[in-house]
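Read the structure below first, then the notes.
Bear in mind the structure is a predicted one, so any value in this text is a computation, not a measurement.
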Amino acid sequence: AKPEATAEKKIKPLEAHGLKFISFGLFIGDEDPVIWRGPMLGGVLNQFFFDTSWGELDYLLIDLPPGTGDTQLSMVQNTVVDAAVIVSTPQEVAISDTRKGIKMFQQVNIPVVGLVENMSYFCPPDNLDKKYYIFGEGGVRKAASDLNLPFLGEIPFEISLRESADIGKPYMAINDNEPNPVFKAYLNLANHLVESCLLYTSPSPRDGLL
């Protein structure tokens, strides 16, 4: 689907399952690369913030690429950001980049809510109690402890998580997934974030920008 324009000539975000969504990927072909310099990325990011008809939101979450590049700096300079959530896989090579991202947010005085470990382990569909630590065990938890930051939880692998993404139906909207480790992990993470936002939300007209 492609976003449309409102009568006020603002971008109308796509909406499904009660969530509004906008992405660079919606404006290019499926196989087209995004070969843009920093100022172009910053301009599009500002359009997504200020020229998109978001309406009333509970939270605005921004999924950023890894690193400390132009996208992150443009967001920090042009918006009021309440806090950052750091996501990393457990292996040391990933955590090394994660530490740089944390230091960037700290240097620009943006609170870090905590760390999330993605792809923590694999749960085979025939035995969801079994855990295979493909990328190592506990790397992000240890990094959170070393950095004196909260550890917000582990998100494991499940085949059903990949399948739900491929068909465009949120994993959390499928009732059969409720007993599964990923479902419980996402629910626990969401509760942590809601509690944390009460501590970090800034007294600005754009509250709830995560």
Atom of Ile110, atom of Ala84 and distance for their closest heavy-atom approach: CG2-N, 4.0 Å
Out of curiosity, Ile86 CD1 to Met104 CE, how far, rounded to the nearest 0.5 Å? 7.5 Å
Look only at the side chain of Lys10 and the backbone of Ala5, and say whether a donor-acceptor pair between them is shorter than 3.5 Å. no
When hydrophobic residues are tied together by side-chain contacts of less than 4.5 Å, even through go-betweens, does Val182 share a cluster with Leu128? no
Decide yes or no on side-chain contact (heavy atoms from CB on, under 4.5 Å) for Leu115 and Ile102, but give the supporting numbers first. CA-CA 9 Å; Leu115 279 71; Ile102 291 170; 4.0 Å; yes
Hphob cluster co-occupancy, Leu60 + Leu26, side-chain heavy atoms under 4.5 angstrom: yes
Is the number of heavy atoms from other residues, nucleotides or ligands within 6.0 Å of CD (Glu4) greater than 12? no
Does Asp63 CG have over 12 foreign heavy atoms under 6.0 Å away? no
Would you call Phe183 and Ile174 a side-chain contact if the rule is heavy atoms closer than 4.5 Å? no
Main-chain N/O of Glu137 paired to Lys142 side chain as donor or acceptor, under 3.5 Å: no
State, yes or no, whether a side-chain contact exists between Lys12 and Ser53 at a heavy-atom distance under 4.5 Å. no
Evaluate side-chain contact (heavy atoms from CB on, under 4.5 Å) for Leu147 paired with Arg99, printing each intermediate quantity in order. CA-CA 9 Å; Leu147 295 165; Arg99 292 174 185 269; 3.9 Å; yes
Side chain proximity check, Pro13 to Phe21, heavy atoms < 4.5 angstrom: no
When rounded to the nearest 0.5 angstrom, what distance separates CG in Asp146 from CZ in Arg141? 13.0 Å
Within 45° of the ring axis of Tyr132 and under 6.0 Å from its six-membered ring centre, is that where the NZ or CZ of Lys130 lies? yes
Ile155 side, atom CD1; Asn188 side, atom CG - distance, nearest 0.5 Å: 8.5 Å
Considering all heavy atoms of both residues, which atom of Pro3 and which atom of Ile11 are nearest to each other, and what is their separation? CB-CG2, 4.0 Å
Just by distance, do the side chain of Glu154 and the backbone of Ser120 share a donor-acceptor pair under 3.5 Å? no
Can you tell me how far CZ of Phe48 sits from CD1 of Ile62, rounded to the nearest 0.5 angstrom? 11.5 Å
If two hydrophobic side chains count as joined below 4.5 Å and joins carry through other members, does Val112 share a cluster with Leu64? yes
Could you check whether any side-chain N or O of Ser96 sits under 3.5 Å from a backbone N or O of Val93, counting only pairs where one atom can act as donor and the other as acceptor? no
Please determine whether side-chain contact (heavy atoms from CB on, under 4.5 Å) holds for the pair Ile159 and Phe122, giving the CA-CA distance in whole Å, both sets of side-chain angles, and the decisive distance to 0.1 Å. CA-CA 9 Å; Ile159 290 176; Phe122 171 66; 4.2 Å; yes
Going by heavy atoms in the side chains, are Phe105 and Val81 under 4.5 Å from each other? no
The reported gap from CG in Leu14 to CG in Leu19 (rounded to nearest 0.5 angstrom) is 12.0 Å
Taking the side chain as C-beta and beyond, is there a heavy-atom pair between Glu158 and Pro181 under 4.5 Å? yes
Heavy-atom closest contact (Pro111 atom, Asp82 atom, distance): CD-O, 3.4 Å
At their closest point, which heavy atom of Asn118 faces which heavy atom of Pro90, and how far apart are they? O-CD, 3.5 Å
Between OG on residue Ser145 and CZ on residue Phe151, distance to nearest 0.5 Å: 11.0 Å
Single-linkage hydrophobic cluster Phe157~Leu152, side-chain heavy atoms < 4.5 angstrom: no
Does atom NZ (Lys103) have a neighbourhood of more than 12 heavy atoms from anything else shown, all under 6.0 Å? no
Validation row: Tyr186, Asn177 side chains within 4.5 angstrom (heavy atoms): no
Hey, mind stepping through Lys20 and Thr52 against side-chain contact (heavy atoms from CB on, under 4.5 Å) and telling me if it holds? CA-CA 11 Å; Lys20 296 177 182 179; Thr52 299; over 6 Å; no
For residues His192 and Val116, determine if any side-chain heavy atom of one lies less than 4.5 Å from a side-chain heavy atom of the other. no
Flag the pair His17 / Met172 as yes when at least one side-chain heavy-atom distance between them is below 4.5 Å, and no otherwise. no
Single-linkage hydrophobic cluster, 4.5 Å side-chain cutoff, Val87 and Leu161 together: yes
